[in-house]
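Structure first, then comments.
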Amino acid sequence: MLQKEKILEVVDYIKSIKADYGDLRLKDLTEEYIKAENGKISNVSNSRSKGVGIRIYVNGIMGFAATADMDNLIDTARLAYNTAVASATLNKNKVQLSPKKAVKDSFSTQISIDPFEVPLNEKIGILMACGVAMANVQGVSYNAAFMAFRKEDVIFADTDGSYITQTFFQSGGGITARATKDGDTQQRSHTNFLRAGYEMLLDMKLPEHSEKLAQEAVALTNAENCPAGEFDLILTPSQLQLQIHESIGHPTELDRVLGSEAAFAGASFLNPEDINNSLKYGSEHVTIVADATDSMGDLGLGNFGYDDEGVEAQNITLVKEGVFANFQTSRDNAPIISQKSHGMGLADGWGNLPIVRMTNINLQPGHFTVNQLIEDVEHGFLLEENKSWSIDDKRINFQFACEIAREIKNGKLTGVIYKNPIYTGKTTEFWGSCDGVASAKYRKMIGVPNCGKGQPMQVMRVAHASSPARFRKVRFIANE
């Protein structure tokens with residue numbers, strides 16, 4: 001029997017048992033990972049996972065079941081139905097799903113080169129070239145380079161009449177150079193992932209960047225620690241992406257606001273009523289969108305045609321000119337705040353339920369050049385690439401450490417670098433101190449392939465686009 005016929009047979013079965021609603025997600029995942037360390041290939045792995053997850057609602061209560069047995073789908077649907085019925089005896093909190101359109105459609109990542117068709121020896125050759133370039137820099141104690149590729153074929157069907165097919169590609173890679181002197185290890189790295197084919201990996205030009213990165217790692221072992229105090233700060237997209245992710249992306253997820261993540265990953269300082277209270281989240285330079293539509297051609301990992309609940313991709317403004325504007329929502333929690341789903345119900349693989357997940361959470365461009373941002377700094381630092389971070393369970397107080405700080409004095413980069421820069425702050429105060437964002441010319445999309453959330457843990461792929469941004473009088477603390 002054809003795959004589509006099998007799926008529609010299950011949908012018909014769910015209708016026949018008079019469930020309120022049911023949907024089915026088939027996901028077929030193929031992944032490849034290659035890594036070289038210190039001139040040797042340390043990992044070559046390939047994996048594939050294919051299965052189906054089925055949700056069924058009965059009298060407002062959900063049941064879920066999943067299987068890798070494609071010949072056992074009716075039994076899996078029956079298990080989901082029985083789970084919903086049994087759960088109703090204990091769970092009296094009925095769920096109202098946000099309405100959506102019934103859709104028959106398809107969506108695919110547009111690629112030029114299929115990464116799974118590229119010979120392994122070509123990929124290994126690029127990684128080894130990175131290793132040679134880094135190892136040739138005197139003082140480098142460790143070097144690594146990797147590539148990672150993912151293809152995801154998805155079919156979604158439901159009792160409303162939707163039947164959606166999607167194919168996603170993800171390509172990425174990175175390099176890391178470490179240097180050690182007198183027990184002090186410093187590193188420089190460069191990593192990115194996009195919704196793209198192998199052409200993205202080629203565009204990264206990893207071998208060409210390897211020598212310079214290695215030289216900076218060695219130079220950092222001879223650099224002084226970044227001074228403590230209050231300084232102006234310019235963040236490049238390689239660090240700004242994590243600042244956006246942790247202090248805006250996660251706090252605006254409605255399920256976290258409602259407390260469903262509180263026992264595991266924390267909650268949020270936001271409250272449901274804040275959507276109507278003109279809450280000041282940042283300065284007038286800060287506009288943040290959750291854009292799954294790829295409206296600026298960014299190829300972010302949060303780009304899709306439809307989420308895992310069959311809701312069309314959207315571009316939602318979360319913070320508008322510094323004022324909080326919207327939560328990230330899915331079908332089961334949007335009605336709680338009298339809204340429709342923003343299309344953010346996503347699941348890691350076929351064996352997990354959709355929960356609210358970030359898409360592409362982007363800081364909108366301003367009108368400055370990077371030189372203009374620098375020229376108006378009397379004394380401060382330009383920071384690149386995150387090294388470590390922490391943030392409290394309400395997403396208020398944070399601390400970020402970066403790989404390198406470039407000194408700015410009297411409106412110019414001095415050429416002096418510092419190691420172990422650590423800055424800290426409070427979310428709304430920090431974003432309120434933003435007084436300039438560079439234009440779209442400097443915009444860069446950074447993919448995050450490992451955002452963890454939920455119990456059981458789900459690892460999702462999200463992304464953040466930004467141009468460099470300037471923040472005033474930020475507190476730097478000493479490295480201990």
Side-chain angles (χ1 to χ4, degrees), residues 137 139-140 174-191 209 212-247 363 368-391 398-426 429-431 433-438 442 444 446 464 466-480:
V137 176
V140 169
I175 48 178
T176 300
R178 294 181 189 145
T180 302
K181 181 179 179 182
D182 300 329
D184 175 36
T185 297
Q186 297 295 321
Q187 80 169 35
R188 288 291 284 122
S189 60
H190 172 54
T191 304
H209 292 296
K212 180 182 178 182
L213 232 60
Q215 290 171 344
E216 287 190 344
V218 174
L220 283 170
T221 64
N222 297 308
E224 296 182 6
N225 278 314
C226 190
E230 204 172 70
F231 301 97
D232 291 342
L233 167 65
I234 295 176
L235 292 181
T236 63
S238 65
Q239 169 59 25
L240 198 47
Q241 57 90 14
L242 189 65
Q243 185 75 55
I244 295 167
H245 184 97
E246 300 297 343
S247 63
L363 173 64
F368 292 91
T369 67
V370 172
N371 282 340
Q372 286 172 332
L373 294 179
I374 293 171
E375 286 168 358
D376 200 26
V377 173
E378 183 176 343
H379 191 196
F381 301 98
L382 183 149
L383 267 55
E384 298 175 18
E385 207 70 46
N386 185 260
K387 187 160 65 173
S388 67
W389 62 274
S390 65
I391 192 166
F398 63 80
Q399 177 177 302
F400 290 98
C402 295
E403 290 182 355
I404 188 169
R406 303 186 190 277
E407 184 183 52
I408 305 170
K409 272 193 175 179
N410 301 318
K412 293 182 179 179
L413 287 165
T414 66
V416 176
I417 62 172
Y418 291 92
K419 63 186 177 184
N420 303 323
I422 305 170
Y423 69 96
T424 185
K426 296 179 182 293
E429 291 178 7
F430 179 80
W431 287 106
S433 75
C434 178
D435 76 335
V437 180
Y442 306 93
K444 186 174 182 181
I446 306 291
H464 308 287
S466 67
S467 302
R470 184 176 61 206
F471 303 84
R472 298 294 194 181
K473 296 183 179 180
V474 177
R475 183 184 169 215
F476 281 66
I477 61 176
N479 179 57
E480 296 179 355

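Because only heavy atoms are used, hydrogens play no part in the values below, and waters and symmetry mates are left out as well, while side chains stay in.
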Sequence neighbours excluded and cut-off under 3.5 Å, please list the side-chain donor-acceptor pairs for residues 380-387, or say none.
from : atom 1 : to   : atom 2 : distance (Å)
E384 : OE1    : R188 : NH2    : 3.0
E384 : OE2    : R406 : NE     : 2.8
N386 : OD1    : S388 : N      : 3.2
N386 : ND2    : Q239 : OE1    : 3.2
N386 : ND2    : S388 : O      : 3.1
N386 : ND2    : A401 : O      : 3.2
K387 : NZ     : N420 : OD1    : 2.8

Test side-chain hydrogen bond (donor to acceptor under 3.5 Å, both in side chains) on Q187 and T176 and set out the steps.
-> CA-CA 7 Å; Q187 80 169 35; T176 300; 5.1 Å; no
Working for side chain to side chain contact (heavy atoms under 4.5 Å, CB included), residues F430 and S247 | CA-CA 10 Å; F430 179 80; S247 63; 5.7 Å; no
Side chain to side chain contact (heavy atoms under 4.5 Å, CB included) evaluation trace for I408 with D232 | CA-CA 9 Å; I408 305 170; D232 291 342; over 6 Å; no
Salt bridge (charged side-chain N to carboxylate O under 4.0 Å, His left out) evaluation trace for R472 with D376 = CA-CA 11 Å; R472 298 294 194 181; D376 200 26; 2.7 Å; yes
Check the pair F368, I374 against side chain to side chain contact (heavy atoms under 4.5 Å, CB included), reporting the backbone distance first and the verdict last.
-> CA-CA 10 Å; F368 292 91; I374 293 171; over 6 Å; no
Between W431 and Q243, does a side chain to side chain contact (heavy atoms under 4.5 Å, CB included) hold up when you go through it step by step?
-> CA-CA 10 Å; W431 287 106; Q243 185 75 55; 3.7 Å; yes
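Contact annotation: the side chain of Y423 never approaches that of C226 to less than 4.5 Å [non-hydrogen atoms, C-beta and beyond]. Using a 4.5 Å heavy-atom cutoff, the side chains of T180 and T221 are not in contact. Under the 4.5 Å side-chain criterion, counting only non-hydrogen atoms from C-beta, E407 is not in contact with L413. With contacts defined as side-chain heavy-atom distances shorter than 4.5 Å, the pair F231/V377 does not qualify.
Of the possible donor and acceptor atoms, one in the side chain of R470 sits under 3.5 Å from a partner among the backbone N and O of L373. Under the 3.5 Å distance criterion, the side-chain polar atoms of E403 are matched with a main-chain donor or acceptor of S189. With hydrogens and angles ignored, the 3.5 Å screen pairs a side-chain donor or acceptor of T424 with a backbone N or O of F398.
The shortest heavy-atom contact between N225 and Y418 is O-CD2, 3.5 Å. Across all their heavy atoms, P468 and I234 have their closest contact at CB-CG2, 4.4 Å. When all heavy atoms are compared, the tightest approach of S466 to P237 is O-CG, 3.4 Å. A478 approaches I422 most closely through the heavy-atom pair O-CD1, 4.2 Å. In terms of heavy-atom proximity, S467 sits nearest to L240 at O-CD2, 3.3 Å.
By the neighbour-count criterion of 12 heavy atoms within 6.0 Å, atom CD of E230 is densely surrounded, having more than that number from other residues, nucleotides or ligands.
Taken from CD in Q215 to NZ in K212, the straight-line distance is 9.0 Å, to the nearest 0.5 Å. Atom NZ of K412 is separated from atom CG of N371 by 11.0 Å, given to the nearest 0.5 angstrom. Separation of atoms CZ (F400) and CD1 (I391) is listed at 5.5 Å; rounding is to 0.5 Å. For the atom pair CG (L233) and CZ (R475), the distance works out to 14.5 Å, reported to the nearest 0.5 Å. Atom CD of E224 is separated from atom NZ of K419 by 9.0 Å, given to the nearest 0.5 angstrom.
Of the residues listed (I417, V137, I404), the one engaging E216 in a side-chain contact (heavy atoms from CB on, under 4.5 Å) is I404, and it is the only one.
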